[in-house]
Amino acid sequence: MFSVCDNSNPKPEGQETLYGYAGSGLFGFSHLMGGFAGGQAEYARVPFADVGPLKVPDSIDDEKVLFLSDIFPTGYMAAENCNIQPGDTVAIWGAGPVGQFATKSALMLGAEKVVLIDHYQDRLDFAKDNNDNVETINFDDKEVHDQLKDFTGGRGPDSCIDAVGLESHGTSPDAILDRVKAAVFLATDRTHALRQAIFCVRKGGTVSIPGAYGGFMDKFPIGAAFNKGLTFKMGQTHMQAYMPKLFSAIEEGKIDPSFVISHRLSLSEAPMAYDKFNNLKNDWRKVVLTP
Ligand SMILES: NC(=O)c1ccc[n+]([C@@H]2O[C@H](COP(=O)([O-])OP(=O)(O)OC[C@H]3O[C@@H](n4cnc5c(N)ncnc54)[C@H](O)[C@@H]3O)[C@@H](O)[C@H]2O)c1
């Protein structure tokens, strides 16, 4: 469980105060996670270099292995946490890069069908174009719970993956209240998608959470979770635990993670790219910066 390593976070006090115990250090993830600089740089200092890196042979394109350090294992762990059985339907909230990899991973792990939910139609279409056995729901046009019931013979999905995280969009009363409370600093995380996943999953199902959360959840539907007998699995991804296995899947040609790249730019174009990413997020799916 690399992401909860005891030894790699030199500044554990913050997380100990917030969470009881500190997780691992992470690159580019604030002082709570050790204060290590991120990798969008010409050079990066690599602590614990005997453990963290994976040796990649020259014969493999960098782009194919780049996402092994983040979103591919994240999507994969999210799907693995669903304990997918033959015939299962997996619903995934969020069609960003993590949702795209969760979709591919759920299908790799034997899901019969994936239903992907977002309101960016081109992200939903992208997933349909890149996979078989994917249905989509645009939550601006359709009621998510009803649609999921229709896709699953009235039972609900066997597992639900929240690949949205703490900035969930929505126009339902709970989503609006989250927004108002967050704006006046009375709430931290906006969790509408997670509440909806808990509501939609079938009885006895699993809710898997790769989407990042940092603080507190308002109006947690404990009644639904308790009375439906749900299982929850979540966490920062244990990257190094997945890298060798997923590297083999790439080497064997089972998956080419570079499908997710939308833009290739130089490092000096990063400020412009961040601006576009903020304002045109659906088009700027995943940007690769070359130093
Ligand atoms: N667990 C980990 O180790 C890990 C690693 C990488 C990323 N993450 C987290 O995963 C999450 C997703 O990352 P990403 O890069 O794909 O982000 P992203 O912002 O590109 O994608 C999120 C998508 O969720 C959609 N969305 C928003 N509200 C929604 C709702 N109510 N219902 C359905 N979809 C909704 C957005 O339209 C967007 O397309 C983030 O929270 C990120 O921090 C976690």
Side-chain angles (χ1 to χ4, degrees), residues 1-5 23-24 26-30 33 38-39 66-81 91-105 115-127 136-145 147-148 160-176 178-179 188-200 208-215 233-243 257 260-263 274 276-287:
M1 298 182 79
F2 286 82
S3 76
V4 289
C5 163
S24 70
L26 294 177
F27 288 108
F29 231 92
S30 87
M33 313 291 183
L66 189 54
F67 305 120
L68 269 179
S69 65
D70 187 9
I71 49 174
F72 181 18
T74 297
Y76 191 87
M77 182 169 119
E80 194 181 69
N81 278 344
I92 301 176
W93 276 252
V98 171
Q100 301 288 341
F101 277 106
T103 300
K104 281 215 176 285
S105 302
V115 185
L116 190 58
I117 302 147
D118 204 301
H119 61 159
Y120 292 141
Q121 190 58 44
D122 49 355
R123 287 188 161 192
L124 296 172
D125 294 343
F126 180 77
T136 59
I137 302 173
N138 184 325
F139 68 80
D140 280 345
D141 301 337
K142 294 263 165 57
E143 212 286 310
V144 173
H145 182 253
Q147 281 283 297
L148 284 172
C160 288
I161 296 178
D162 168 6
V164 176
L166 57 78
E167 293 181 329
S168 182
H169 314 164
T171 51
S172 59
D174 70 306
I176 293 169
D178 281 348
R179 208 166 238 296
T188 55
D189 304 13
R190 296 187 342 239
T191 61
H192 166 68
L194 177 54
R195 284 189 209 103
Q196 195 170 51
I198 293 169
F199 186 67
C200 290
S208 160
I209 314 174
Y213 291 95
K233 301 268 279 188
M234 63 193 83
Q236 299 283 1
T237 307
H238 305 299
M239 297 296 167
Q240 284 81 0
Y242 290 92
M243 281 159 62
V260 80
I261 299 171
S262 58
H263 295 78
Y274 269 101
K276 299 273 191 201
F277 187 75
N278 268 340
N279 297 313
L280 299 165
K281 198 166 208 173
N282 50 338
D283 296 332
W284 288 63
R285 189 177 48 245
K286 189 47 98 180
V287 183

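Whatever order the structure lists them in is the order used to number ligands and atoms, beginning at 1. Just so it is clear, the structure is predicted and the values come from calculations on it, not from any experiment.
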Legend entry - Nearest heavy-atom neighbours spanning Arg285 and Val260: NE-O, 2.8 Å
Inset, instruction - Keeping the roles fixed (side chain from Ser208, backbone from Ala78), state whether a donor-acceptor pair exists under 3.5 Å. - result: yes
Legend entry - Close-contact set for ligand 1 against Gly165 heavy atoms, below 4.0 Å: 41 (O)
Legend entry - Short N or O distance, Val164 and ligand 1, threshold 3.5 Å exclusive: yes
Legend entry - Heavy-atom nearest neighbour of atom 30 (C) of ligand 1 within options Phe139, Phe29, Tyr120: Phe139
Inset, instruction - Give the minimum heavy-atom separation between Ala163 and Ile92, together with the two atoms involved. - result: CB-CG2, 4.3 Å
Legend entry - Closest to atom 12 (C) of ligand 1 (judged by heavy-atom distance), picking from Ala163, Ala175, Gly94, Ala78: Ala163
Legend entry - Closest non-hydrogen atom pair, Phe2 against Ser24: O-CB, 3.4 Å
Legend entry - Close-contact set for ligand 1 against Pro97 heavy atoms, below 4.0 Å: 14 (P), 15 (O), 16 (O), 20 (O)
Inset, instruction - Give yes or no for whether the N/O distance cutoff of 3.5 Å, strictly under, is met between Ala212 and ligand 1. - result: yes
Legend entry - Side-chain ion pair, Arg195 and Asp178, N-O less than 4.0 Å: yes
Inset, instruction - Keeping the roles fixed (side chain from Asp122, backbone from Asp283), state whether a donor-acceptor pair exists under 3.5 Å. - result: no
Legend entry - Residue Arg123 vicinity, atoms of ligand 1 by number, heavy atom under 4.0 Å: 18 (P), 20 (O), 21 (O), 38 (C), 39 (O)
Inset, instruction - Identify, by atom number and element, the atoms of ligand 1 in contact range of Gln236, meaning under 4.0 Å from any of its heavy atoms. - result: 1 (N), 2 (C), 3 (O)
Inset, instruction - For the residue pair His169 and Tyr120, categorise the inter-ring angle as parallel (less than 30°), tilted (30 to 60°) or perpendicular (more than 60°). - result: perpendicular
Legend entry - Heteroatom distance test (His169, ligand 1): nitrogen or oxygen, under 3.5 angstrom: yes
Inset, instruction - Can you see which heavy atom on Asn138 is nearest to which on His119, and at what distance? - result: OD1-CA, 3.4 Å
Inset, instruction - Flag Val98 as yes when one of its N or O atoms lies below 3.5 Å from any N or O atom of ligand 1, and as no otherwise. - result: yes
Inset, instruction - Report yes or no: does a heavy atom of Gly235 sit under 4.0 Å from some atom of ligand 1? - result: yes
Inset, instruction - Evaluate the side-chain hydrogen bond (donor to acceptor under 3.5 Å, both in side chains) criterion for residues Ser172 and Asp174: first the C-alpha distance (whole Å), next the side-chain angles of each, then the deciding distance (0.1 Å), finally the verdict. - result: CA-CA 6 Å; Ser172 59; Asp174 70 306; 2.5 Å; yes
Inset, instruction - Heavy-atom distances under 4.0 Å are what count here, so tell me which part of Val144 touches ligand 1: side chain, backbone, both or neither. - result: neither
Inset, instruction - Give yes or no for whether the N/O distance cutoff of 3.5 Å, strictly under, is met between Trp93 and ligand 1. - result: no
Legend entry - Under 3.5 Å: donor-acceptor pair, side chain of Ser168, backbone of Ala193: yes
Inset, instruction - Looking only at distances, please establish whether an N/O atom of ligand 1 is found under 3.5 Å from an N/O atom of His192. - result: no
Inset, instruction - For His119, take its heavy atoms, then give the atoms of ligand 1 lying under 4.0 Å from any of them. - result: 37 (O)
Inset, instruction - Report, in ascending order of atom number, the atoms of ligand 1 lying under 4.0 Å from any heavy atom of Thr237. - result: 1 (N), 2 (C), 3 (O)
